[in-house]
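Because the structure is a prediction, the values reported are computed rather than measured. Naming convention: chains lettered A, B, ... in sequence-line order (proteins, then strands); numbering from 1 in each chain.
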There are 2 protein chains.
Amino acid sequence: MGVTIKDVAKAANVSPSTVSRVVKDSPRISQETKKRVRQAMRELGYHPNAMAQSLTSKNTGNIGIMLPRPNDEEFNHPFFPEALRGISAVLRTHDRDILFSPAGNEVEERRALQRMVLSGKVDGVVLLSSRISDELITWLYSINFPFVVIGNPRPLGLERICWVDNDNVEIGRMITQYLIDKGYEDIGIITGDLRFVVNIDRLEGYKQAMEAAGKSTNRAYMAEADVWEDGGYNAMLRILRNGKPSAIVTVDDLFAIGAIRACRDRGYSIPYDIGIIGVNNIGVDQYLMPPLTSVEIYAYELGKTAAELLLKRIEIGPEYSDCVIIHGRLVERASC
Amino acid sequence: MGVTIKDVAKAANVSPSTVSRVVKDSPRISQETKKRVRQAMRELGYHPNAMAQSLTSKNTGNIGIMLPRPNDEEFNHPFFPEALRGISAVLRTHDRDILFSPAGNEVEERRALQRMVLSGKVDGVVLLSSRISDELITWLYSINFPFVVIGNPRPLGLERICWVDNDNVEIGRMITQYLIDKGYEDIGIITGDLRFVVNIDRLEGYKQAMEAAGKSTNRAYMAEADVWEDGGYNAMLRILRNGKPSAIVTVDDLFAIGAIRACRDRGYSIPYDIGIIGVNNIGVDQYLMPPLTSVEIYAYELGKTAAELLLKRIEIGPEYSDCVIIHGRLVERASC
DNA sequence: CTGTTAGCGCCTTCAG
DNA sequence: CTGAAGGCGCTAACAG
């Protein structure tokens with residue numbers, strides 16, 4: 001606190017600009033003076049003021065992260081920390097920090113993003129999970145600000161946008177097909193909020209697989225769950241009020257966990273009476289009774305790739321864009 | 001990008017300072033001109049540049065957050081998002097953002113913190129979980145920088161430092177006593193990394209309860225676990241190689257989850273052959289088989305309180321300090 | 001109530 | 001290879 005570039009300059013008997021150049025390790029400063037300046041910096045305990053640096057250099061070294069919903073909900077899903085871990089891993093090697101703007105609802109979220117971006121606090125943004133026709137995406141796109149989305153920006157029809165995602169239609173298909181192959185007859189589904197592309201896609205995959213197998217989907221066995229375990233629990237209860245499916249596809253392990261308990265509460269045993277399958281392969285899956293069959297979606301990779309794309313986009317500019325698909329992998333356990 | 005305070009000033013026919021005052025809603029500007037200026041701001045799409053603001057005003061609006069270990073591990077513990085949620089909740093109402101500096105190990109972590117603080121990117125820092133004789137704490141303290149720790153800064157002997165914590169000795173005592181009261185005879189313990197105060201304290205509580213009950217602690221039934229489920233699993237296996245305790249205290253639910261599986265793999269049934277108790281009351285506890293008895297530690301409250309203390313410390317200055325103890329609450333389920 | 005004047009700490013031409 | 005000068009966008013006295 002307090003020692004500035006001028007102080008160093010004086011101490012090293014050079015001009016401030018020279019010190020500035022030494023900080024950036026400019027090649028056009030002699031080793032001699034570099035040494036002397038560095039010495040002075042160390043002795044005085046000099047640290048460049050980040051704010052002043054960004055003010056002139058026009059970049060902050062910060063990457064903003066936006067969560068997709070009321071933060072309270074998202075924080076508690078294991079996907080978030082995994083993706084964050086991937087993002088961190090790459091930002092770490094680029095000396096960039098992560099800026100996160102707390103928001104409690106969609107409106108606040110929008111404001112938060114705008115503030116972050118317009119006030120110049122970040123050089124780029126990663127959007128975790130996309131809503132259908134996401135207005136944040138269109139906005140960022142329209143002002144030409146560097147961003148990447150983890151999730152599919154469909155159906156925006158915007159070219160040149162960076163994103164990473166699983167093939168969620170494929171995942172939906174895969175798990176449904178798995179149940180079909182296992183001989184399950186009446187297969188229902190528990191989806192999440194259908195304003196999110198990920199849920200739409202997994203549902204679509206389910207439908208495709210059912211159709212391909214010549215099975216008709218039964219609305220009585222389809223439910224949209226509220227958040228997490230309790231949501232899955234209630235959704236399952238609703239389905240069971242309509243009858244007894246032989247198996248249930250859930251679009252998320254947390255739903256599956258709730259659904260399993262609902263089944264048990266109603267006296268059904270898993271997988272004998274009802275088979276259950278989830279997606280995400282969260283840490284506890286293997287510790288559940290029965291261990292939950294699920295799909296590894298590589299959240300860490302998703303985050304890592306997102307960060308890489310974003311960094312490139314920032315460096316290269318608006319003419320750069322790319323998208324990456326990461327395929328899921330079925331993890332067989334004992335729940336179906 | 002690009003419209004500055006001067007542009008607004010021109011458009012509204014006032015001086016830049018007036019615009020600045022309008023932004024801060026200074027009481028000494030007439031409603032008249034405020035209106036005119038705001039109009040101009042809107043029309044031009046003006047947003048104050050945060051970097052320039054911080055440069056002059058000497059505060060950034062950012063709070064730094066430091067995780068306690070190689071981030072990779074900590075991110076995956078449910079405690080982290082819960083605490084973060086609490087922190088966010090209060091920062092949100094103060095228009096402050098959260099800054100994370102990704103770090104992969106203790107050295108990077110230290111550097112990251114120093115950079116954050118010394119380069120003036122944050123106005124304050126919250127340290128999640130404290131190491132014994134934590135050097136980050138002593139450093140921040142020595143330079144008089146606002147910070148708060150979630151965890152106990154013991155045994156630093158520093159007065160005037162802000163912290164929030166559970167009473168972890170009490171928690172250790174509570175769960176051990178609970179097992180004793182249930183009639184368990186040979187009670188072992190699985191602790192975590194003993195460089196962390198939280199683990200030391202919970203172990204201490206265990207010892208106190210054992211002693212108070214006239215029981216001797218048996219080293220053969222005590223193990224220190226590596227991270228999370230697998231750590232708990234392996235620790236339990238080690239214990240079982242030494243014999244069969246009647247119950248195990250674990251200092252963390254994730255250890256408990258692993259331990260349960262280890263018991264099961266060895267043919268023991270929970271709670272009949274071996275009782276298990278955990279701490280943290282993480283979301284899945286109630287969905288495990290058997291549902292895990294645990295201690296609610298109120299991670300959300302911990303985070304919330306930490307943020308509140310920090311904000312006060314920032315506002316009031318170094319003469320302010322406070323600490324808060326949040327008591328745990330036993331949540332009885334079926335694992336012991 | 002409003003404008004003028006100096007910076008905040010650093011970077012970046014432009015000279016030399 | 002290095003220094004001087006000007007400015008990034010905003011704020012904070014100090015005038016008036």
Contact under 4.0 Å: [X] side-chain N or O vs [N] OP1/OP2:
X       : N      : answer
A:Ser20 : C:dC10 : no
B:Thr33 : C:dT2  : yes
B:Lys34 : C:dC1  : no
B:Lys24 : D:dC10 : no
A:Gln53 : C:dC11 : yes

Checklist line | Under-3.5 Å donor-acceptor pair between B:Ser17 side chain and C:dT4 base | finding: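 A donor-acceptor contact between them is present.
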Note to self: On the side chain of A:Arg21, is there an atom forming a donor-acceptor pair with the base of C:dT13 - under 3.5 Å, no angle test?
What the structure shows: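 Side chain to base: pair present.
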In terms of side-chain heavy atoms of [X], which of [options] is nearest?
X       : options               : answer
B:Thr56 : D:dC10, D:dT2, C:dG9  : D:dC10
A:Ile5  : D:dC10, C:dG9, C:dC10 : C:dC10
A:Ala52 : C:dG9, D:dC10, D:dG3  : C:dG9

Note to self: If only side-chain N and O atoms count, and only distance matters, is there a donor-acceptor pair under 3.5 Å linking B:Arg313 with B:Ser321?
What the structure shows: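 No - no donor-acceptor pair under 3.5 Å links their side chains.
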Next item on the list: Indicate whether the side chain of A:Ser17 and that of A:Ser20 have a donor and an acceptor atom separated by less than 3.5 Å.
Entry: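 No, no side-chain donor-acceptor contact under 3.5 Å.
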Margin query: Please classify the nucleic acid contact of A:Ile29 as base, sugar-phosphate, or nothing, using heavy-atom distances under 4.0 Å.
Written below: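 Here A:Ile29 touches the backbone only, sparing every base.
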Check: Just checking A:Val23: base, sugar-phosphate only, or nothing, at a heavy-atom cut-off of under 4.0 Å?
Finding: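 No contact at all - A:Val23 keeps every heavy atom at 4.0 Å or more from the nucleic acid.
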Checklist line | Closest heavy-atom pair and its distance - A:Ala9, A:Ser15 | finding: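 Scanning both residues completely, I find the closest heavy atoms to be CB-C, 3.7 Å.
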